[in-house]
Amino acid sequence: MSVELLHVALYKPEIHPNAGNVARLCAANGLPLHLVGNLGFRIDDRSVRRAGLDYWPFVDLRLEADLEALRAGLPGSRLFFFSARAGRLYTDVEYRAGDCLVFGPESGGFGEELLGAHGDRTLKIPMRTPHVRSLNLATAAGIAVYEALRQLSRKAPA
């Protein structure tokens, strides 16, 4: 069984344009996109076509019932949870092939219990001012994905 380079997971995403933008990011990089838990939108063609434009056929889309199902489907993967409330920077991690970057719901992110249970795997993207509560989901996913890909490309055999 081959290990995928990287996985991206959206936990209970609420806004289909954000999911569409992350789907485009995944299609552009050949990464699986996991949609986990209850979605705030329908994934039929009409609902997501504008959000993902015509890239959806190129997305390796995987639906997971919950985080336990995500973990079970990725037995060798480390899951990293992104939150504006985390203490560890996303650049302080040495990413490995097969890692999964997990992003929470737009309206409130991950709960304190989940963040506490995954302390060393809870990461933040710094913001230079206190005026903004959090980054847009698709923006955060893009920043994190490209940092992980940058690191992984340096480790790839020549």
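Worth knowing before you read on, the calculation uses all heavy atoms, side chains too, and leaves out hydrogens, waters and symmetry mates.
- We find the OH-CZ distance between Tyr11 and Phe110 to be 7.5 Å, quoted to the nearest 0.5 Å.
- Leu10 is not listed as a side-chain neighbour of Asn18, based on a closest heavy-atom distance of 4.5 Å or more.
- Between Arg85 atom CZ and Leu115 atom CG the span is 5.0 Å, to the nearest 0.5 Å.
- No chain of hydrophobic side-chain contacts below 4.5 Å, direct or via other Ile, Leu, Val, Met, Phe, Trp or Tyr residues, connects Val8 to Phe81.
- In this structure, the side chain of Glu106 engages the main chain of Glu14 through a donor-acceptor pair within 3.5 Å.
- With hydrophobic clusters built from ILVMFWY side chains whose heavy atoms lie under 4.5 angstrom apart, Phe82 shares a cluster with Val132.
- Taking all atoms of both residues into account, the shortest heavy-atom contact from Lys124 to Ala86 is CD-O, 3.0 Å.
- Counting heavy atoms of neighbouring residues, nucleotides and ligands inside a 6.0 Å radius, atom CZ of Arg96 does not exceed 12 of them.
- Here the CG atom belonging to Asp66 is positioned 9.0 Å from the CZ atom belonging to Arg71, to the nearest 0.5 angstrom.
- Note that CG of Leu6 and CG of Leu152 are 6.5 Å apart. Values are rounded to the nearest 0.5 Å.
- Between the CG atom of Leu123 and the CG atom of Asp92 there is a distance of 8.5 Å, given to the nearest 0.5 Å.
- Side chains of Ile143 and Leu135 form a contact here, defined as non-hydrogen atoms less than 4.5 Å apart.
- Residue-environment remark: CD (Glu68) exceeds the threshold of 12 foreign heavy atoms within 6.0 Å.
- Linking ILVMFWY side-chain heavy atoms closer than 4.5 Å, directly or via other members, places Tyr95 and Leu74 in two distinct hydrophobic clusters.
- Between the side chain of Gln151 and the backbone N or O of Val93 there is at least one donor-acceptor pair closer than 3.5 Å.
- At a threshold of 4.5 Å between non-hydrogen side-chain atoms, the residues Asn136 and Asn21 do not count as touching.
- In summary, of the residues considered (His7, Arg121, Arg78), a side chain to side chain donor-acceptor pair (under 3.5 Å) with Asp99 occurs for Arg78 alone.
- The NZ atom of Lys12 sits 14.0 Å away from atom CG of Leu35, with the distance rounded to the nearest 0.5 Å.
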Practice prompt. Determine, stepwise, if the pair Leu114 / Leu67 fulfils side chain to side chain contact (heavy atoms under 4.5 Å, CB included).
Written response: CA-CA 10 Å; Leu114 185 137; Leu67 288 173; 3.2 Å; yes

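- Between Tyr55 and Cys26, the closest side-chain pair of non-hydrogen atoms is not below 4.5 Å.
- Within 6.0 Å of the OH atom in Tyr146, the count of heavy atoms belonging to other residues, nucleotides or ligands exceeds 12.
- Follow the hydrophobic side-chain contacts under 4.5 Å out from Leu61 and you reach Phe103 in the same cluster.
- Met127 and Leu137 fall within the same hydrophobic cluster, where Ile, Leu, Val, Met, Phe, Trp and Tyr residues are linked whenever their side-chain heavy atoms come under 4.5 Å apart, directly or through other members.
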